[in-house]
Amino acid sequence: MLNLKELAEEYGVRIQVWPRYVSVNGERRQDGFDLELLGSHTIDPTHLDPSCTLCQRAAVALLRIAQQVTCDQDHPTQSGVRVEICPHEMSLVCSPRLENRPLVIVTINIFRRSEHIEHANEHELDVLNTLKKRLAELSIHEL
C-alpha cells in the first residue's frame with residue numbers, strides 16, 4: 001500500500017483555500033475556511049466520468065489524506081473551532097489553473113459553531129495553518 005506522500009504524488013494533489021461565510025442577523029460574516037484537497041488520475045480534460053473507478057480511487061486517496069492530517073482535530077478545540085471532512089459525491093471539476101484537468105474534491109471545513117460569531121479569528125487561522133503545514137510535509141501545496 002502506498003504511503004500518503006506517494007498517494008499525493010500519484011494523484012497530483014493540491015489544495016485550495018476559501019473563506020467560509022455564515023449569515024448572522026442578516027449580515028455576512030466569515031466563519032472559518034474550507035480547505036479543498038484536489039487530485040486526479042488523469043490530465044485528459046475530456047475525462048468527466050463520475051462513475052470512473054480510477055476517479056473513485058482518487059477520492060478515497062484524498063479522503064485518506066484528509067483523515068490523516070486532521071486526526072487530532074476531530075473534536076472542537078478549546079476555542080470552539082471544529083474541523084470536519086466533507087467529501088463531495090464524486091463530483092469532478094476542471095481547473096484552468098491545472099491545465100483544465102478533471103479533479104476530484106474532498107473539503108476540510110474549519111469553522112466555529114456559535115450564535116455569537118463576530119468574525120473569523122486567529123483560532124481558525126491557526127488550525128488552517130497547522131493543516132497546511134501537515135499537507136506541505138506530504139509535498140501538497142496550494143494551487
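Not measured: the values here are computed from a predicted model.
Other residues, nucleotides and ligands place no more than 12 heavy atoms under 6.0 Å from the CD atom of E9.
Side-chain contact between V104 and S40 is absent, with no heavy-atom pair separated by less than 4.5 Å. Under the 4.5 Å side-chain criterion, counting only non-hydrogen atoms from C-beta, V17 is not in contact with E36. A 4.5 Å side-chain heavy-atom check between E124 and F111 finds every atom pair outside the cut-off. For the pair N109/V83, no side-chain contact is recorded, criterion being any heavy-atom separation below 4.5 Å from C-beta on. The shortest distance between side-chain heavy atoms of L4 and V69 does not fall below 4.5 Å. Side-chain contact between H41 and C52 is present, with at least one heavy-atom pair separated by less than 4.5 Å. Between N129 and K133 there is no side-chain heavy-atom pair separated by less than 4.5 Å.
Distance CG/L62 to CG/L37: 6.0 Å, rounded to 0.5 Å. Interatomic distance, CG of L35 versus NZ of K132, reported as 7.5 Å (0.5 Å rounding). Here the CD-OG1 distance, from E84 to T70, works out to 10.5 Å after rounding to the nearest 0.5 Å. The distance from atom CG of L128 to atom CD of E122, rounded to the nearest 0.5 Å, is 13.5 Å. Note that the SG atom of C86 and the CG atom of L63 stand 10.5 Å from one another [nearest 0.5 Å]. Rounding to the nearest 0.5 Å gives a distance of 12.5 Å between CD1 of I15 and CG of D34.
Among all heavy-atom pairs drawn from G32 and Q30, the shortest one is O-NE2, 3.0 Å. Heavy-atom minimum distance, H141 versus A136: CE1-CB, 3.7 Å. Contact record, T42 with P102: CG2-CG, 3.9 Å, taken as the closest heavy-atom pair. Residues R20 and I110 come closest through the heavy atom pair CD-O, 4.0 Å. V106 and A66 make their closest contact through CG1-CB, 4.1 Å (heavy atoms, listed as atom of the first residue, atom of the second, distance).
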Trace of the side-chain contact (heavy atoms from CB on, under 4.5 Å) decision for L7 with V13: CA-CA 8 Å; L7 284 175; V13 179; over 6 Å; no
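For E6 (side chain) and N3 (main-chain N/O), a donor-acceptor pair under 3.5 Å exists by modelled atom type. N25 places no side-chain N or O within 3.5 Å of a backbone atom of E27 that could act as its donor or acceptor partner.
Two different hydrophobic clusters hold L54 and L103 under the rule that ILVMFWY side chains link at heavy-atom gaps under 4.5 Å. With hydrophobic clusters built from ILVMFWY side chains whose heavy atoms lie under 4.5 angstrom apart, I85 does not share a cluster with V60.
With a 6.0 Å cutoff to the six-membered ring centre and a 45° limit on the axis angle, R28 counts as a cation-pi contact of Y21.
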